Amino acid sequence: MPELPEVEVVRAGLAPAVTGARVVAVEVLDARSLKRHEAASGDFETLLTGERIEAAVRRGKFLWMPLAGGAALVGHLGMSGQLLLRTPDHPGDDRHARIRLHLEHPDHGELRVDFVDQRIFGSMAIDRLLPTSDGRTAGFSADVTGPWARSIPSQVAHIARDPLDPAFDDAAFVAALARRATGVKRVLLDQGVVSGIGNIYADEALWAVRMHGEQPAASLSRRRVRELLAAVRAVLQKALAEGGTSFDAQYVNVNGASGYFAHSLNAYGRTGRPCPRCGTPIVREAFMNRSSHRCPRCQRLRAGSRGGAVVTAATPPPPEVDRSLTAAARPTRARTAGSRARG
DNA sequence: ATACACGCCTGCTGGC
DNA sequence: TGCCAGCAGGCGTGTA
């Protein structure tokens with residue numbers, strides 16, 4: 001399931017191929033993938049056909065391509081979405097292909113972008129661009145000089161900046177947690193507070209700093225919140241670095257699903273298997289209609305230390321983000337695009 | 001305003 | 001073997 005690193009891999013793979021390309025034809029194979037397209041703004045195919053793509057930009061898990069006409073093509077991969085860059089003659093028998101874009105690029109010639117999405121939690125839409133509320137660059141892209149750089153699609157405007165964004169406000173994040181009367185994991189998953197984090201990387205970051213997901217956010221000291229934020233960044237960057245290796249730049253096989261499942265993980269999906277740190281079996285617990293995974297020994301609920309004396313016994317040891325995520329993960333890492341064929 | 005349950009979707013898996 | 005519940009879960013919406 002694509003979270004920030006996976007979406008960034010897709011964006012980075014897409015960008016060189018689509019930037020400057022013209023949309024010559026659009027095929028909507030399943031209109032359900034347009035559920036976030038506002039019909040009142042016009043027909044999706046009509047609005048998109050003939051447009052020139054200016055860039056590929058990402059904030060959190062949202063991806064968009066500013067168009068020369070001033071609007072943007074917005075994509076969200078949802079649970080199972082992929083944006084696959086293909087040659088025009090690629091077989092069209094993909095069972096879950098929902099939308100197809102036929103592009104003409106001045107340097108690369110004819111290209112096809114297939115939006116493939118099994119569960120249809122993802123979507124594409126044409127949306128208008130609004131100025132960013134803080135006047136800064138809207139998201140991540142290679143080019144920040146275009147007229148669209150400080151503009152964000154209306155349906156992405158409520159999404160917070162992600163932790164890898166240079167404009168992310170650490171102090172505001174600390175303050176936001178102090179205000180929240182809920183568990184820290186819920187806040188990590190709230191895209192209005194910090195974007196890009198899904199269930200997998202939330203569990204991994206919490207494991208890295210030995211924190212219980214139900215720990216009340218407001219009970220955390222500023223220091224602990226900053227440790228958590230650092231762990232989030234480390235986990236995302238580590239995954240991103242791995243994803244970079246799985247991208248086959250030669251023949252643009254842009255693929256959001258290859259990579260991260262089943263490897264590099266210390267807690268997520270490891271129910272019953274030993275915690276890489278202490279050996280205690282990882283437990284799985286119901287959480288918001290899904291699951292949380294944690295080490296019952298390393299990650300316990302603790303008395304809050306915020307605003308009071310630090311309780312020595314409750315002070316966690318320093319996080320071991322790097323060592324655990326690097327060394328433990330490598331042997332099980334999947335290969336690259338080639339391994340994807342197994343499905 | 002904030003917190004949380006729910007619906008949207010398909011395909012796979014395990015229990016009976 | 002077939003059937004069905006459960007699970008995967010991001011995000012918008014509705015409710016309290």
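What you see is a predicted model, and the numbers here were worked out from it, not measured in a lab.
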Under 3.5 Å, which protein N or O atoms sit close to an N or O of nucleotides 7-10 of chain B? Give each pair with its distance.
{"from": "B:dC9", "atom 1": "O3'", "to": "A:Arg32", "atom 2": "NH1", "distance (Å)": "3.3"}
{"from": "B:dT10", "atom 1": "OP1", "to": "A:Arg32", "atom 2": "NH1", "distance (Å)": "2.5"}
{"from": "B:dT10", "atom 1": "OP1", "to": "A:Arg32", "atom 2": "NH2", "distance (Å)": "3.2"}

Mind listing the N/O atom pairs, protein and nucleotides 12-15 of chain C, below 3.5 Å?
{"from": "C:dG12", "atom 1": "OP1", "to": "A:Arg36", "atom 2": "NH1", "distance (Å)": "3.1"}
{"from": "C:dG12", "atom 1": "OP1", "to": "A:Arg36", "atom 2": "NH2", "distance (Å)": "2.7"}
{"from": "C:dG12", "atom 1": "OP2", "to": "A:His158", "atom 2": "NE2", "distance (Å)": "3.2"}

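Using a 4.5 Å cut-off on side-chain heavy atoms (C-beta onward), A:Glu110 and A:Glu104 make contact. Counting heavy atoms from C-beta outward, A:Leu34 and A:Val28 have side chains that approach closer than 4.5 Å.
Between A:Arg290 and C:dG10, a side-chain N or O to OP1/OP2 separation shorter than 4.0 Å is present. For B:dA3, the OP1/OP2 oxygens have a side-chain nitrogen or oxygen of A:Arg180 closer than 4.0 Å. Listed pair A:His76 / C:dG10 fails the phosphate criterion, with no side-chain N or O lying under 4.0 Å from OP1 or OP2.
By the salt bridge (Lys or Arg N to Asp or Glu O under 4.0 Å) test, A:Glu45 is found to be paired with no residue, residues two or more places apart in sequence or in another chain being considered.
Going from atom CD of A:Glu285 over to atom P of C:dA8 covers 13 Å, rounded to whole Å. The nearest whole Å value for the distance from the CE atom in A:Met124 to the C1' atom in C:dC11 is 17 Å. Atom CG in A:Leu63 sits roughly 17 Å away from atom P in C:dG10 (whole-Å rounding). Rounded to whole angstrom, the span from the CG atom of A:Asp190 across to the C1' atom of B:dA3 amounts to 10 Å. If you take CD of A:Gln191 and C1' of B:dC4, they are 16 Å apart, rounded to a whole angstrom. Between A:Met288 atom CE and C:dG10 atom C1' there is a gap of 10 Å when expressed in whole angstrom units. Between the CG atom of A:Asp162 and the C1' atom of C:dG10 there is a distance of 16 Å, rounded to whole Å.
A:Phe62 belongs to a hydrophobic cluster whose other members, connected by ILVMFWY side-chain contacts under 4.5 Å either directly or through intermediates, are A:Val57, A:Trp64, A:Val74, A:Leu129, A:Trp148, A:Ile152, A:Val156, A:Ile159.
Minimum heavy-atom separation, A:Thr271 to A:Arg284: OG1-CB, 3.3 Å.
None of A:Arg290, A:Lys185, A:Glu204 except one satisfies the side-chain hydrogen bond (donor to acceptor under 3.5 Å, both in side chains) rule with A:Asn199; the exception is A:Lys185. Shown are A:Asp114, A:Asp117, A:Asp30; of these, the salt bridge (Lys or Arg N to Asp or Glu O under 4.0 Å) with A:Arg98 is made only by A:Asp30.
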Under 3.5 Å donor-acceptor pairs involving side-chain atoms of residues 14-22 of chain A, not counting sequence neighbours:
{"from": "A:Thr19", "atom 1": "OG1", "to": "A:Ala15", "atom 2": "O", "distance (Å)": "2.6"}
{"from": "A:Arg22", "atom 1": "NH1", "to": "A:Gly50", "atom 2": "O", "distance (Å)": "2.8"}

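Distances were taken from every side-chain heavy atom of A:Arg284 (C-beta onward) to each of C:dG10, C:dC11, C:dC7; the shortest belongs to C:dC7. Checking C:dC11, C:dG10, B:dA3 against the side-chain heavy atoms of A:Leu189 singles out C:dG10 as nearest.
Although no hydrogens or angles enter the test, the distance criterion places no donor-acceptor pair under 3.5 Å between the side chain of A:Gln237 and the main chain of A:Ala234.
A salt bridge does not link A:Asp89 to A:Arg112: none of the charged side-chain nitrogens sits closer than 4.0 Å to a carboxylate oxygen. The residues A:Asp162 and A:Lys61 are annotated as not salt-bridged, no charged nitrogen and carboxylate oxygen being separated by less than 4.0 angstrom.
In this structure, the helix from B:dT2-C:dA16 to B:dC16-C:dG2 shows an angle of 50° between the axis at its start and the axis at its end, each fitted on 5 base pairs and rounded to 10°.
Taking the six-membered ring where the residue is Trp, A:Phe173 and A:Phe168 present tilted rings, their angle falling between 30° and 60°.
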